[in-house]
2 protein chains.
Amino acid sequence: MKWGGDMDEKLKERFARLEIRASILKAIAHPTRLFIIDELSNGERCVCELTEMIGVDTSTVSKHLSKLKGAGIVVDRKEGLKVFYNLATPCVLNFFDCVDKVIKTTAEERLKLIS
Amino acid sequence: MKWGGDMDEKLKERFARLEIRASILKAIAHPTRLFIIDELSNGERCVCELTEMIGVDTSTVSKHLSKLKGAGIVVDRKEGLKVFYNLATPCVLNFFDCVDKVIKTTAEERLKLIS
DNA sequence: TTGCTATTTGGTAGTATAGCCAAATAGGCA
DNA sequence: TGCCTATTTGGCTATACTACCAAATAGCAA
């Protein structure tokens, strides 16, 4: 990321914070990862269970989980051969409410435009 | 996006919803767009003001705004030559709290690991 | 040890994204 | 009309992401 070179210190700090925040949100902003988050809200799941549910390659699911873990959204726990994942900070579930509100508001506005 | 072909209807619907939700979150998950959202929380701003603050090309800012608008996160209002943008659904500001909590929790855990 | 299962990691191809510049569009004013 | 400013759009390049397959790693059990 590159912003104007003559940026003052305060703004640079502000953007540094936003960059970290964006990285967390980016880790969440993918349908498969949202599925995982939604599923983990009902309790821990192992990689094999999630893979079975989603229906993509295990390696793909593993990489999604790795991204979520790197962002601090999930934590893992090994038990024998299996690795179980859990939500680290369940507040991410609150995102759904606001996102759905955005979708609803937008849809209502668009309906108004054509009626 | 492509998931397992033998997916049942219920799961397909679930993923369809998640895909829409992900598109909203993706629109938010960029430092410059977070800056814009943060800035608009203090009231409407025109493209020129935001460009001046961020220090990138006007066309870049315009495209970021276009993405936010497409996702239903901001709305615009023309006044003479200028176009003013506003938050459409201020609840997106709530995201910051949880994101910061994720960052804080992760940082604390990592500190514990090295101490 | 070997074999089996669960998971992660490396490599690669296709796709998407973000930035800049240049050009097009739109509104205000002489 | 022509000129100036504000914004958007198109084209381009560089970078990042995702999905698959193949190979590597890890743990359990014979």
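Below, chain A is the first sequence line, B the second, and so on; all start at residue 1.
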- Query: Which whole-number value in Å describes the distance from B:Glu52 CD to D:dA6 C1'?
  - Reply: 14 Å

- Message: Both A:Glu79 and A:Arg33 contact DNA chain D. Taking the nearest nucleotide for each, which residue is further toward the 5' end?
- Response: A:Arg33

- Message: Which nucleotide wins on minimum distance to the side chain of B:Leu81, given the candidates D:dT7, C:dG27, C:dT7?
- Response: C:dG27

- Message: Regarding B:Arg17 and B:Glu19, does a basic nitrogen lie under 4.0 Å from an acidic carboxylate oxygen?
- Response: no

- Message: In this structure, how many angstroms lie between the P atom of C:dT7 and the NZ atom of A:Lys69, rounded?
- Response: 13 Å

- In whole angstrom, give the distance that lies between atom CG of B:Leu50 and atom C1' of D:dA6. 13 Å

- Task: When you get a sec, tell me which of D:dT18, C:dT8, D:dA19 is the closest nucleotide to the side chain of A:Thr32?
- Result: D:dA19

- Message: Would the base of C:dG19 count as contacting B:Lys67 through its side chain, where contact means a donor and an acceptor less than 3.5 Å apart?
- Response: no

- Task: Report the distance from atom CG of A:Leu65 to atom C1' of D:dA19, rounded to the nearest whole Å.
- Result: 15 Å

- The residue, A:Gly80 or A:Asp57, whose nearest nucleotide of DNA chain D is more 5′ is A:Asp57

- So, is B:Lys26 near the phosphate of C:dA16, with a side-chain N or O under 4.0 Å from OP1 or OP2? no

- Query: Would you say B:His64 reaches C:dG19's phosphate, i.e. side-chain N/O to OP1/OP2 under 4.0 Å?
  - Reply: yes

- Message: Contact between A:Lys26 and B:His30 at the side-chain level, heavy atoms closer than 4.5 Å - yes or no?
- Response: no

- Task: Could you state the atom-to-atom distance from CD1 of B:Ile54 to P of C:dA18 in whole Å?
- Result: 13 Å

- Message: Can you say whether a donor on the side chain of A:Lys82 sits under 3.5 Å from an acceptor on the base of D:dG27, or the other way round?
- Response: no

- Note on the structure: Ranking A:Lys63 and A:Phe84 by the position along DNA chain C of their nearest nucleotide, the one closer to 5' is A:Phe84

- Message: Evaluate B:Arg14 against A:Phe35 for side chain to side chain contact (heavy atoms under 4.5 Å, CB included), listing each step before the verdict.
- Response: CA-CA 8 Å; B:Arg14 186 170 171 195; A:Phe35 180 94; 3.5 Å; yes

- Note on the structure: Of C:dT7, D:dC21, D:dT7, the nucleotide closest to the side chain of B:Ser62 is D:dT7

- Query: B:Leu25 has an atom CG; how far is it from atom C1' of C:dT17, in whole Å?
  - Reply: 17 Å

- Is a salt bridge present between B:Glu79 and B:Lys82, judged by a nitrogen-to-oxygen distance below 4.0 Å? no

- Message: Using the side-chain heavy atoms of B:Ser59, tell me which of these nucleotides is nearest: C:dC21, C:dA18, C:dT8.
- Response: C:dC21

- Message: Just N and O in the side chain of B:Tyr85: are any of them under 4.0 Å from OP1 or OP2 of D:dA6?
- Response: no

- Query: Out of D:dT7, D:dT5, C:dT8, which has the shortest distance to the side chain of B:Val47?
  - Reply: D:dT7

- Message: For the CD atom on A:Glu108, are there more than 12 heavy atoms of other groups (residues, nucleotides or ligands in this structure) within a distance under 6.0 Å?
- Response: yes

- Task: To the nearest Å, give me how far apart CG (A:Leu18) and C1' (C:dA18) are.
- Result: 17 Å

